[in-house]
Number of protein chains: 2
Amino acid sequence: MTFINTDELVPGLSIDCVIFGFHEYELKVLLMKMKNSDLWALPGGFVRKDRNVDDEAAVVLELRTGVRDIFLRQFHFFGNVSRNVDGHPEQLVKKEIISPENQAWFEERFVSVGYYALVEHSKVQEPQPDHTSELCAWVSLNDLPELMLDHGLILKKAHHTLRLELNNQPIGLNLLPETFTMPELQALYETVLGKELDRRNFRRKMLSYDILIDTNEKRTGTSHKAPTLYKFDRDKYFTAMQDGFSTAW
Amino acid sequence: MTFINTDELVPGLSIDCVIFGFHEYELKVLLMKMKNSDLWALPGGFVRKDRNVDDEAAVVLELRTGVRDIFLRQFHFFGNVSRNVDGHPEQLVKKEIISPENQAWFEERFVSVGYYALVEHSKVQEPQPDHTSELCAWVSLNDLPELMLDHGLILKKAHHTLRLELNNQPIGLNLLPETFTMPELQALYETVLGKELDRRNFRRKMLSYDILIDTNEKRTGTSHKAPTLYKFDRDKYFTAMQDGFSTAW
DNA sequence: ACAAAAGTGTTATTTCTACACCCATGC
DNA sequence: GCATGGGTGTAGAAATAACACTTTTGT
């Protein structure tokens with residue numbers, strides 16, 4: 001069993017990743033079930049002393065999902081004292097999640113940087129648990145289990161940020177397959193926003209962003225009119241991400 | 001001379017505050033001129049082990065400006081390795097900014113949480129330097145001196161964030177005097193955005209937000225028509241901050 | 001009475017919203 | 001041929017943008 005080597009890590013600093021996926025018309029998050037416990041946790045990690053924090057977040061993402069070079073954004077820094085719960089490290093030792101030698105390291109004041117990622121469900125290999133967890137799985141946002149420490153709060157904040165970002169940025173690349181239909185894209189938006197949108201207006205608005213390419217193919221096999229398959233125009237997509245949609249002033 | 005007691009501080013974690021003020025139709029930032037150096041720095045500090053990071057940022061703000069309970073927002077976490085410049089702590093000791101006993105503590109990997117604040121220039125007492133600085137002063141954004149380490153980058157990022165926030169949130173409270181005229185408010189927006197706006201359309205849009213109260217008084221003393229004085233409707237202002245202006249979806 | 005800046009109104013254009021109808025496909 | 005969901009158009013309302021004239025004030 002390989003426990004972590006705390007010597008090479010920045011003390012008191014952790015990373016928590018809220019990894020969103022979209023599948024079967026539901027928004028899901030990747031969660032880890034802690035070893036010997038009913039509690040779940042966000043995938044996370046620590047920061048090696050010679051690495052950028054942003055890069056370490058990308059490592060966490062890749063370790064759990066196998067994907068890299070995709071949307072991953074720092075969204076909040078969690079620095080409250082109340083995050084540090086008395087007796088928590090002791091519990092971790094008891095459950096064999098960390099080694100006794102490391103307990104002292106975990107007793108220190110910890111702060112955490114929150115990241116959220118959008119990943120295409122289908123591109124992800126079987127989610128990988130680590131040595132602290134017995135399971136790593138996609139869980140629907142509507143059906144969340146009890147989470148460790150303040151991870152519930154972190155998740156909520158990430159979701160809230162994502163909803164706000166919808167107004168300024170395109171989403172969908174990385175969250176949808178390479179090609180997708182307009183109704184699928186709409187379902188994604190509706191799921192993130194938690195409300196229904198008008199089909200016709202959605203289409204018009206989305207097309208006006210000018211980030212979609214009509215592939216001239218259709219998705220067949222359904223017992224109704226075959227919908228057109230679109231893909232993102234990556235150049236325009238990334239430009240839109242940079243510049244944002246907002247034009248208020 | 002009182003140097004810091006590093007024992008009670010969270011190691012490797014600092015706070016940097018970008019404190020914006022608005023004066024004489026210019027956006028300004030509060031900067032500290034380092035002792036025995038031509039370099040300037042953002043006001044900042046460290047985090048006591050038993051304090052929330054957000055609260056410590058408020059302490060930094062109050063120490064420098066004397067104001068409290070005003071807009072102060074965490075905007076980014078800076079965690080790149082490149083922030084930690086070889087030989088920097090040594091320089092700090094040489095310039096008597098930190099004590100030799102503390103040099104080792106400063107040699108550790110440091111990460112930083114960036115905050116920005118909006119403060120009303122006139123409410124601020126004479127900006128207070130600390131034991132690391134010989135001067136604390138308002139500096140125009142158009143006329144920035146050379147800044148220490150990555151502080152220039154942090155400042156730039158804060159300004160960028162502020163510009164984006166304009167679209168979602170009201171600003172002005174804390175940045176303008178208690179009462180102000182519509183042209184003054186417009187000047188603030190123009191300064192932050194770095195572009196001119198149409199007087200008539202600005203007024204209409206601003207009034208449509210429904211966060212202003214007409215005080216029925218005028219600012220006299222100018223050799224032209226006396227402009228109406230407004231103040232913010234605080235309840236509605238804070239509601240607008242919560243909910244945001246954006247209606248995109 | 002004049003310069004300088006505040007205040008107000010209107011119109012054309014664009015965007016948003018709320019709709020209803022037709023079209024393909026598999027059963 | 002019918003149920004299901006995809007695709008398109010349009011008219012009214014609202015927001016935006018561009019623009020010109022009148023008012024107040026100190027000198």
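Every chain is numbered from 1, with letters handed out A, B, ... down the list of sequences.
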Report the C-alpha separation of A:L61 and A:I70 in whole Å, then their side-chain angles, then the decisive distance to 0.1 Å, and conclude whether the side-chain contact (heavy atoms from CB on, under 4.5 Å) test is met. CA-CA 9 Å; A:L61 178 64; A:I70 65 161; 3.8 Å; yes
Classify the side chain of A:R199 versus the base of D:dT4 as yes if they form a donor-acceptor pair under 3.5 Å and no if they do not. no
Output yes when at least one side-chain N/O atom of A:R203 is less than 4.0 Å from OP1 or OP2 of D:dT8, else no. yes
Compare every heavy atom of B:D54 with every heavy atom of B:Q74, then report the nearest pair and how far apart it is. NE2-OD1, 3.7 Å
Selection from C:dG7, D:dG7, C:dA20 that lies nearest to any side-chain heavy atom of A:P183: D:dG7
So, are B:E134 and B:K33 salt-bridged, with charged N and O less than 4.0 Å apart? yes
Using only heavy-atom distances, decide whether a donor-acceptor pair under 3.5 angstrom links the side-chain of B:R204 to the base of D:dA15. no
What nucleic acid atoms does A:T228 come within less than 4.0 Å of, heavy atoms only: base, sugar-phosphate, or nothing? sugar-phosphate
Please step through side-chain contact (heavy atoms from CB on, under 4.5 Å) for the pair B:I154 and B:L149, ending with a clear verdict. CA-CA 10 Å; B:I154 295 175; B:L149 298 175; over 6 Å; no
Look at the side chain of A:R200 and the base of C:dA20, then say whether one donor and one acceptor between them are separated by less than 3.5 Å. yes
A:F71 pairs by ring pair (Phe, Tyr, Trp, His ring centres under 6.0 Å) with which of A:F20, A:Y116, A:F232, A:Y115? A:Y116
Pairwise N/O distances under 3.5 Å, protein to nucleotides 25-27 of chain C:
residue, atom, partner, partner atom, Å
C:dT25, O4', A:H224, O, 3.1
C:dT25, O2, A:S223, O, 2.9
C:dT25, O2, A:H224, N, 3.3

Would A:T181 and A:L229 satisfy side-chain contact (heavy atoms from CB on, under 4.5 Å), going step by step from the backbone distance to the final call? CA-CA 5 Å; A:T181 67; A:L229 286 167; 3.9 Å; yes
